[in-house]
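Just so you know, these numbers use all the heavy atoms, side chains as well, and skip hydrogens, waters and symmetry mates.
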Amino acid sequence: MHEYQLVDGDQTVYRDGTIKLHGPAGFEGMRKAGRLAAEILDALADMVKPGVTTGQLDDAVRGMMLDAGAIPATLGYRGYAHSSCISINHVICHGIPGDKVLKDGDILNIDVTPLVDGWHGDTSRMFYAGEPSLKARKLVEVTYECLMLGIKAAQPGARLGDIGAAIEAHASQFRYGVVREFCGHGVGRLFHDAPEVVHAARAGTGPELKPGMFFTIEPMINLGKPWAKVLGDGWTAVTRDKSLSAQFEHSIAITETGNEIFTKSPTGRDCPPYV
């Protein structure tokens with residue numbers, strides 16, 4: 001059995017294993033945080049190009065958050081010292097910004113989470129530095145399709161496993177690997193909370209999706225095998241076979257009639273190429 005907890009207003013919540021069900025105040029808070037997160041990724045689309053460093057992109061993320069009165073949720077999180085994660089080519093997730101210079105043909109994921117009035121707007125998108133290969137472009141397109149199929153499966157009365165089943169079924173058609181070591185998660189006043197949202201699962205399994213649930217869906221899809229390993233820095237996760245990897249992430253809510261995407265681009269820049 002999975003325990004649910006009704007949450008409304010500004011009450012304190014704890015990472016206690018319960019699945020939070022939020023009221024109108026939570027929806028408003030997440031809309032505001034998600035909107036800012038999406039606007040930041042929209043702005044980065046014009047900055048990502050060969051010759052730019054990942055550190056410069058991270059500086060821009062931090063500046064935009066602070067200018068908007070938000071706090072970068074990753075800054076200081078478990079000792080992490082940056083305002084975003086930037087993962088290039090065969091890096092699956094949690095890439096650390098720094099002096100790395102983008103090259104023509106690189107694909108990269110930028111993951112941001114502004115904390116706005118106590119609510120976390122968690123989202124990520126893929127970007128192209130210059131012109132990627134056809135294989136890279138196809139991987140990115142299919143990964144975005146996986147995200148949207150996962151969101152389509154996230155309906156009231158469905159099961160959490162239906163999301164992963166939809167993602168895995170689509171990725172397997174292209175013989176892509178679905179990363180198992182990392183997953184989506186509950187989100188809201190807590191950065192990471194129950195439930196865990198796995199991206200390869202059996203339909204009809206897991207907790208029931210109920211109105212008021214907030215969580216991320218963030219499939220990581222590899223061009224090769226699904227296996228990951230974490231480097232010695234304790235953060236950077238890469239593909240074991242050095243194949244390319246792609247990821248997209250949205251924060252969503254289950255509603256009475258379907259779902260709501262909090263982090264959708266207001267300018268339609270949800271999947272590259274961005275014009």
Side-chain angles (χ1 to χ4, degrees), residues 27-50 52 54 57-58 60-61 63-65 67-68 70 83-88 93 102 104-114 116 119-134 136-155 163 166-167 170-171 174 184 187 199 214-221 244-255 257-275:
F27 275 80
E28 286 304 311
M30 286 297 289
R31 285 173 187 140
K32 186 175 180 180
R35 172 84 180 202
L36 176 59
E39 289 173 345
I40 289 170
L41 293 185
D42 280 1
L44 290 176
D46 297 321
M47 303 178 193
V48 173
K49 59 190 67 176
V52 173
T54 55
L57 296 174
D58 187 66
V61 169
M64 285 186 279
M65 288 188 189
D67 287 347
S83 301
S84 64
C85 295
I86 303 179
S87 305
I88 304 173
C93 61
L102 298 181
D104 184 51
D106 283 344
I107 63 171
L108 58 150
N109 175 275
I110 304 180
D111 192 335
V112 302
T113 307
V116 181
W119 297 94
H120 295 81
D122 193 358
T123 187
S124 78
R125 287 182 215 158
M126 294 299 296
F127 297 82
Y128 300 152
E131 290 295 324
S133 67
L134 291 177
R137 190 182 295 267
K138 184 64 175 179
L139 173 66
V140 170
E141 290 172 353
V142 170
T143 302
Y144 180 72
E145 292 166 1
C146 284
L147 170 66
M148 298 313 293
L149 287 167
I151 291 174
K152 184 178 179 180
Q155 301 292 325
I163 297 171
I167 291 169
H170 190 61
F174 302 88
V187 71
H199 303 114
F214 296 168
F215 54 85
T216 70
I217 302 176
E218 46 186 294
M220 290 146 272
I221 310 296
L244 292 174
S245 187
Q247 179 190 19
F248 286 89
E249 175 185 16
H250 274 315
S251 292
I252 75 166
I254 301 299
T255 66
T257 57
N259 60 60
E260 178 178 344
I261 302 174
F262 292 126
T263 48
K264 191 168 181 60
S265 167
T267 62
R269 287 179 156 184
D270 288 297
C271 183
Y274 304 118
V275 293

To the nearest 0.5 Å, what is the distance between [atom1] on [X] and [atom2] on [Y]?
X	Y	atom1	atom2	value
L41	E249	CG	CD	9.5 Å
D270	Y144	CG	OH	4.0 Å
I163	I217	CD1	CD1	4.0 Å
I261	M30	CD1	CE	12.5 Å
C146	M220	SG	CE	11.5 Å

Closest contact, heavy atoms only, [X] versus [Y]:
X	Y	result
L149	H170	CD1-CG, 3.5 Å
T255	F27	CG2-CE2, 4.1 Å
A43	M64	CB-SD, 3.7 Å
S84	V112	CB-CG1, 4.1 Å
P114	A70	CB-CB, 4.1 Å
A136	L244	CB-CD1, 3.7 Å

(message) My understanding is that only residues two or more places apart in sequence, or in another chain, count here; which of them pass side chain to side chain donor-acceptor pair (under 3.5 Å) with T113?
(response) D122
(message) Run the side chain to side chain donor-acceptor pair (under 3.5 Å) test against T143 and tell me which residues pass, sequence neighbours left out.
(response) none
Any donor and acceptor pair, going by atom type alone, linking the side chain of [X] with main-chain N or O of [Y] inside 3.5 Å?
X	Y	answer
H199	E218	yes
N109	Q247	yes
T263	S251	yes
N259	A154	yes

Who pairs with [X] by salt bridge (Lys or Arg N to Asp or Glu O under 4.0 Å), at least two apart in sequence or on another chain?
X	value
R137	E131
D67	none
E260	R31
D58	R62

(request) Under the side chain to side chain contact (heavy atoms under 4.5 Å, CB included) rule, what do I254 and Q155 come out as? Steps first, then yes or no, please. (result) CA-CA 6 Å; I254 301 299; Q155 301 292 325; over 6 Å; no
With [X] via ring pair (Phe, Tyr, Trp, His ring centres under 6.0 Å) - residues at least two apart:
X	answer
H120	F191
Y128	none
F215	none

(message) Test of understanding: with side chain to side chain contact (heavy atoms under 4.5 Å, CB included), list the residues that count as partners of K138, not counting sequence neighbours.
(response) E141, V142, F174, Y176
(message) List the residues meeting side chain to side chain contact (heavy atoms under 4.5 Å, CB included) with A129, not counting sequence neighbours, and say none if there are none.
(response) V48, P50, L102, D106, L108
Is any side-chain heavy atom of [X] less than 4.5 Å from a side-chain heavy atom of [Y]?
X	Y	value
F262	W119	no
F248	P219	no
I107	I88	no
L147	H250	yes

(message) Show me the pairs that pass side chain to side chain donor-acceptor pair (under 3.5 Å) and involve residues 32-46, at least two apart or across chains.
(response) K32-D117, R35-E39, D42-R125, D42-S265, D42-T267, D46-R269
(message) For I86, run the side chain to side chain contact (heavy atoms under 4.5 Å, CB included) check against D111, V61, I110, L44 and tell me which one passes.
(response) I110
